Amino acid sequence: MNFAIIGATGNVGRKTIEVLEKSKLKIDNLSLVASEKSVGQKLRFKNKDIKVEQLEKYDFSKADITIFAAGSEIAEKWIPRASKKTIVIDNSKHFRMDNEVPLIVAEVNPEDLTNHKNIIANPNCSTIQLMLPLKPLHDKYKIKRVIVSTYQAVSGAGKASVDELFSQTKNYLNKKDIKSENFTKQIAFNLIPHIDSFVEDGYTKEEWKMENETKKILDKNIGLTATCVRVPVKTSHSESVNVEFENEYNLDTAKEILRSAPGCKVVDEHKDGGYITPLEAEEDYLTFISRIRKDHSNKKALNMWVVSDNLLKGAALNTVQIAELLLRKK
Ligand code: NAP
């Protein structure tokens with residue numbers, strides 16, 4: 001099989017190279033593609049240096065599966081023509097709500113892959129990690145409503161945003177001027193309740209994505225309301241989640257369900273440090289669930305804390321799992 005990554009030099013692109021290297025996929029040739037400024041740069045894959053090619057000059061028929069990790073504008077412009085020559089798995093938001101495009105979390109709705117038309121969308125990072133614990137809970141106790149607050153790492157906004165957190169932190173400690181170019185306000189020693197652009201009713205697009213992608217992936221009848229916040233953490237998104245079921249539930253059974261949820265690990269000891277933080281989830285393929293407890297204000301609801309590496313399960317890992325599902329199907 002031949003693979004390609006468009007946006008190979010970015011945060012998600014580089015992680016995708018790592019995940020492909022660790023996967024069991026048999027890859028004969030990997031093409032790495034980015035913008036003109038990266039042409040000639042070499043990236044390592046399986047002990048070989050691969051030269052980055054320029055998107056405008058790249059031939060999409062070189063790969064059977066092409067993973068796009070270059071943002072919405074590139075997706076909009078290039079995926080319609082690429083998908084005539086290769087199967088595309090796209091990380092951007094551009095095609096996610098298109099009825100013709102399956103939106104897949106590998107452990108949650110692999111059956112939706114049937115009838116794809118050469119374009120498959122990877123959900124938003126904060127949606128993916130939430131789907132993993134919600135799916136088995138929904139199968140057992142129908143979910144009525146979810147209230148989620150996110151604490152999202154800067155790497156979710158691309159490599160330039162990680163550099164901005166580092167330089168602002170350094171400048172703050174050295175009492176130098178702080179410039180905000182990738183974020184609307186200072187992110188170092190701060191947090192920002194705004195991710196992606198504003199949409200109607202005062203919500204942001206990130207919040208809108210969580211609401212609507214959940215309906216597409218899990219169940220159109222689930223109500224979800226989100227507040228998405230950028231925090232000065234490098235990697236891993238955390239989520240405080242309140243889940244309300246249609247009926248009363250049993251907490252021990254719910255914990256048992258979460259313990260066997262595919263792709264998840266429960267770390268939930270009611271003592272100092274008996275929970276997972278973003279630093280500990282970094283570089284891990286699993287999504288961690290901690291602080292599982294009853295909502296004392298609602299007998300039908302529970303609270304939990306969900307943490308996952310946004311560049312792995314939130315992006316690179318899920319796209320590679322989708323590729324594995326496609327090949328298994330074939
Ligand atoms: P990033 O670090 O900014 O990387 C962007 C990549 O796109 C780079 O390889 C860049 O190449 C390439 N690119 C930009 N403009 C280009 C052009 N005109 N022609 C060709 N290549 C171009 O961004 P990222 O965080 O990896 O995100 C990539 C995509 O994944 C976005 O759609 C993002 O929303 C999505 N996503 C990200 C996450 C996450 O947690 N980061 C999670 C889920 C989904 P150069 O280096 O040559 O500029």
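Ligands are counted one by one from 1 in listed order, and the atoms in each one are counted from 1 as well. Sequence positions, counted from 1, serve as the residue numbers for this chain. Keep in mind that this is a model prediction, so the values were computed, not measured.
With a 4.0 Å cut-off on non-hydrogen atoms, Asn310 touches ligand 1 through its backbone as well as its side chain. Neither the backbone nor the side chain of Ala153 comes within contact range of ligand 1; no heavy atom lies under 4.0 Å. With a 4.0 Å cut-off on non-hydrogen atoms, Ala160 does not touch ligand 1 at all. Only side-chain heavy atoms of Lys37 come within less than 4.0 Å of ligand 1; its backbone N, CA, C and O stay farther off.
The N/O atoms of Leu311, backbone and side chain alike, include none that comes under 3.5 Å of an N/O atom in ligand 1. The N/O atoms of Ser38, backbone and side chain alike, include one that comes under 3.5 Å of an N/O atom in ligand 1. Among the atoms of Lys93, none of the N or O lies under 3.5 angstrom from an N or O of ligand 1. For Pro123, no nitrogen or oxygen atom sits less than 3.5 Å from a nitrogen or oxygen atom of ligand 1, counting backbone and side chain alike.
Considering only non-hydrogen protein atoms, atom 35 (C) of ligand 1 sits nearest to Asn91 O, 3.6 Å. Scanning all protein heavy atoms for the shortest distance to atom 13 (N) of ligand 1 gives Ala70 CB, 4.2 Å. In this structure, atom 25 (O) of ligand 1 lies nearest to the protein heavy atom Gly158 CA, 3.3 Å. From the protein, the heavy atom lying nearest to atom 5 (C) of ligand 1 is Ala69 O, 4.0 Å. For atom 21 (N) of ligand 1, the nearest non-hydrogen atom of the protein is Ser35 N, 3.2 Å. Distance from atom 4 (O) of ligand 1 to its nearest protein heavy atom, with residue and atom name: Gly10 CA, 3.2 Å. Closest to atom 41 (N) of ligand 1, if we only count protein heavy atoms, is Ser155 O, 3.0 Å.
Asp295 and Asn242 share a side-chain donor-acceptor pair at under 3.5 Å. Residues Ser161 and Glu164 bring no donor and acceptor atom of their side chains to less than 3.5 Å of each other. In the model, Lys313 has a side-chain atom that pairs as donor or acceptor with a side-chain atom of Gln321 under 3.5 Å. Of the N and O atoms on the side chains of Asn124 and Glu206, at least one donor lies less than 3.5 Å from an acceptor on the other residue.
You'll find the ring centres of Phe189 and Tyr172 inside the 6.0 Å limit. Aromatic ring centres of Trp78 and Tyr58 lie farther apart than the 6.0 Å criterion allows.
Note on Lys24 versus Glu324: no salt bridge recorded, every NZ/NE/NH1/NH2 to OD/OE distance being 4.0 Å or above. The pair Lys46-Glu21 does not meet the salt-bridge criterion, since no charged nitrogen lies less than 4.0 angstrom from a carboxylate oxygen.
Under the 4.0 angstrom criterion, atom 44 (C) of ligand 1 counts as having a protein heavy-atom contact. Put simply, atom 7 (O) of ligand 1 has protein non-hydrogen atoms near it, under 4.0 Å away.
The aromatic rings of Phe245 and Tyr141 are tilted relative to each other, their planes meeting at an angle between 30° and 60°.
Using a 4.5 Å cut-off on side-chain heavy atoms (C-beta onward), Ile6 and Thr66 make contact.
Closest heavy-atom approach to atom 17 (C) of ligand 1 among the candidates Leu312, Asp196, Ile74: Ile74. Distances from atom 24 (P) of ligand 1 to the heavy atoms of Val12, Leu32, Ile5, Thr319 show the closest one on Val12. Looking at Thr235, Thr9, Ile67 and measuring to atom 10 (C) of ligand 1, the nearest heavy atom belongs to Thr9.
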Exercise. Where do Val52 and Leu43 land on the side-chain contact (heavy atoms from CB on, under 4.5 Å) test, with the steps shown first?
Worked result: CA-CA 7 Å; Val52 174; Leu43 296 170; 4.0 Å; yes
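Shown are Arg96, Lys205, Lys93; of these, the salt bridge (charged side-chain N to carboxylate O under 4.0 Å, His left out) with Glu213 is made only by Arg96.
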